[in-house]
Each structure stands twice: as structure tokens, then as C-alpha cells.
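Nothing here was measured: the structure is a model prediction, and the numbers come from that model. Protein chains get the first letters and strands the later ones, always in sequence-line order, with residue 1 at the start of each.
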Protein chains: 2
Amino acid sequence: MAFAETFKALSDPVRREILELLKKGPLSAGDIGSHFDMTGATISYHLKILKQADLIYESREKNFIYYQLNTTVLEEIMLWISTLKGGDLNDERE
Amino acid sequence: MAFAETFKALSDPVRREILELLKKGPLSAGDIGSHFDMTGATISYHLKILKQADLIYESREKNFIYYQLNTTVLEEIMLWISTLKGGDLNDERE
DNA sequence: GGGGTATTTAGAAAATTTTCTAAATACCTT
DNA sequence: AAGGTATTTAGAAAATTTTCTAAATACCCC
């Protein structure tokens with residue numbers, strides 16, 4: 001259950017903002033960093049957490065590491081929330 | 001945006017387990033506490049966090065305070081995750 | 001009102017998380 | 001290989017979160 005890790009990863013506002021940035025497409029660590037008032041080391045830390053939670057993955061190209069969203073884990077989270085909401089079936093109409 | 005609070009609230013395993021307990025129906029603080037190896041004060045702390053995040057609400061009856069799930073906020077979380085996943089439309093088929 | 005049970009609050013200790021600086025890797029380009 | 005840019009790692013400081021003990025509220029019942 002790396003599930004707990006995913007929730008932890010999503011609990012930080014900086015990390016959620018990183019995910020939103022990546023929604024538009026892959027970005028390098030540097031690109032991501034330039035959106036925040038933090039050192040590159042801190043951004044790297046957050047990227048590591050997101051990576052461990054399987055929320056992003058990286059692909060290396062030239063001298064850069066590009067990060068992009070991995071949405072598959074989000075399904076699990078949605079499912080967990082659904083079951084909490086509605087007994088079991090998701091997308092329930094009342 | 002108490003939205004951030006909701007994510008924080010969901011990030012702790014104890015709190016998620018409390019929500020799962022409440023899925024079956026309302027429970028008093030004491031009932032909830034008896035499922036965990038922690039003091040009542042700690043449980044009370046977690047209940048406060050869940051309450052502030054609007055994930056539960058309480059109703060007083062006799063000498064007890066009963067807690068129950070409030071699923072309305074979960075919709076927002078689902079929506080946020082959906083937009084992350086799929087451009088915008090939720091419940092997307094590929 | 002008085003004693004009893006249920007729960008919360010206050011304050012401190014312990015644990016975890018976030019951030020920084022400095023140094024280390026990694027890889028590209030010439 | 002050498003110098004340069006991009007990113008990560010290590011280790012410590014700062015901030016936040018989780019937990020506990022002890023005391024305070026709150027409400028019930030006799």
C-alpha cells in the first residue's frame with residue numbers, strides 16, 4: 001500500500017502546484033523551480049516525494065531531466081474516496 | 001480554500017481509518033478511541049482536524065458526542081483529481 | 001447540588017517534514 | 001579531458017505535526 005505515500009505526497013501545497021504545472025506538459029526540474037521561491041534542492045526534494053508516490057515520472061534528455069504526470073495512481077485515490085462517499089459504487093446518482 | 005486543509009486531513013493514516021470506521025455509521029469519540037492504541041486526547045486531536053476539514057460533523061446526544069462522515073467535501077477533492085487526470089471532464093473513457 | 005462518565009484543552013516532549021547551504025554527480029559541449 | 005550547466009545528495013536548522021500527561025469542561029443521573 002504505497003497508497004499512504006500518495007496521500008502524503010498530495011498533502012503539500014507546493015507538490016500539488018507542481019502537479020498542476022505538469023498538467024500542461026513535461027517540465028524540467030529547473031523550469032519547475034523557477035515557479036517557486038525556493039532553492040533547487042528543495043524542489044528536488046519535493047520531486048523525489050512525488051516520484052516515490054508514483055505521481056510523476058522522469059525522462060532524461062540532453063542535460064535535463066523532464067518530469068511528467070503519472071495519473072494512474074490517481075485512480076486508486078479516486079476509488080478510495082468513492083467508496084467512502086457512496087457505500088461502494090462510484091459515480092452514483094442519488 | 002479549505003481545500004488544502006482537507007488534503008492535510010486525509011494525509012494521516014489514523015484519520016483515514018477513522019473515516020472508514022464512520023462509513024458504517026456514527027460513533028462516539030470513545031468508540032473511535034477504542035479502535036486505536038492511543039489516548040483519548042490524541043483521538044480528540046484527530047477528530048478536531050477532521051472537523052476543521054469538514055470531513056466529519058458531530059451531534060451531541062446524552063453524555064456523548066457522536067461523529068459522522070460528511071461526504072460533501074470529498075466531491076471537491078474528486079473534482080480536483082479529475083481535472084488533473086483528464087484535462088477537465090471527469091469520468092472520462094479513453 | 002454532587003459524583004460520575006465523556007470529551008476537550010493546554011502545554012510540553014517526541015517525531016516528522018520542509019527548507020537551506022554546501023558539496024557531490026551527471027551529463028553535455030567544445 | 002576541461003569547463004559548464006542541471007540536478008541531486010548530505011547534513012543541519014527551522015517549522016510543523018503527532019502524541020502524551022494533567023487539568024479543565026460539559027453534561028448526565030441520583
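- Residue B/Tyr57 is found outside any hydrophobic cluster, as its side-chain heavy atoms come under 4.5 Å of no other Ile, Leu, Val, Met, Phe, Trp or Tyr.
- A pairwise comparison of heavy atoms in B/Ile43 and B/Gly33 identifies CG1-CA, 3.7 Å as the closest pair.
- Residue pairs meeting the ring-ring contact (aromatic ring centres under 6.0 Å, His included) criterion with at least one member in residues 6-48 of chain B, sequence neighbours excluded: B/Phe3-B/Phe7, B/Phe7-B/Trp80.
- Checked against side chain to side chain donor-acceptor pair (under 3.5 Å), B/Asn70 has the following partners two or more places apart in sequence or in another chain: B/Thr72.
- Within the structure, salt bridge (Lys or Arg N to Asp or Glu O under 4.0 Å) contacts touching residues 27-54 of chain B (residues at least two apart or in different chains) are B/Lys51-B/Glu58.
- Counting non-hydrogen atoms under 4.0 angstrom, B/Tyr66 reaches nothing in the nucleic acid.
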Using a 4.0 Å cut-off on protein heavy atoms (strictly under), produce a 5'-to-3' string for nucleotides 13-20 of chain D with B for base contact, S for backbone-only sugar-phosphate contact, and - for none.
----SBBB

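- B/Ser59 is linked by a side chain to side chain donor-acceptor pair (under 3.5 Å) to nothing, counting only residues two or more places apart in sequence or in another chain.
- C/dT7 atom C1' lies 16 Å from atom CG of B/Leu50, rounded to whole Å.
- Axis orientation changes by 30° from one end of the helix from C/dG1-D/dC30 to C/dT30-D/dA1 to the other, with each end axis drawn from 5 pairs and the value rounded to 10°.
- A/Val73 and A/Leu84 fall into different hydrophobic clusters, defined by Ile, Leu, Val, Met, Phe, Trp and Tyr side-chain heavy atoms under 4.5 Å apart, directly or through other members.
- Hydrophobic clustering, defined by side-chain heavy atoms of Ile, Leu, Val, Met, Phe, Trp and Tyr closer than 4.5 Å, groups B/Tyr66 together with B/Phe64.
- For B/Ser44, the side chain to side chain contact (heavy atoms under 4.5 Å, CB included) test picks out no residue, with sequence neighbours left out.
- When rounded to the nearest whole Å, the span between CD1 of B/Ile65 and C1' of D/dC27 equals 10 Å.
- Remark: A/Ser44 is not in phosphate contact with D/dT9, judged by side-chain N or O atoms under 4.0 Å from OP1 or OP2.
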Once base and sugar-phosphate atoms are separated, protein heavy atoms under 4.0 Å mark nucleotides 25-30 of chain C, 5' to 3', with B, S and - as --BSS-

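- Partners of B/Thr39 according to the side chain to side chain donor-acceptor pair (under 3.5 Å) rule, which considers only residues two or more places apart in sequence or in another chain, are B/Thr42.
- Looking at heavy-atom distances under 4.0 Å, B/Tyr67 makes contact with sugar-phosphate atoms alone, never a base.
- Sorted by first and then second residue, the pairs that involve residues 66-79 of chain B and meet salt bridge (Lys or Arg N to Asp or Glu O under 4.0 Å), not counting sequence neighbours, are A/Lys85-B/Glu75.
- Rounded to whole Å, the distance from CD1 on A/Ile32 to P on D/dA6 is 14 Å.
- Spacing between atom CG of A/Leu47 and atom P of D/dT8 amounts to 6 Å, rounded to whole angstrom units.
- Residue A/Gly30 is classed as a sugar-phosphate contact, given heavy-atom separations below 4.0 Å to backbone atoms only.
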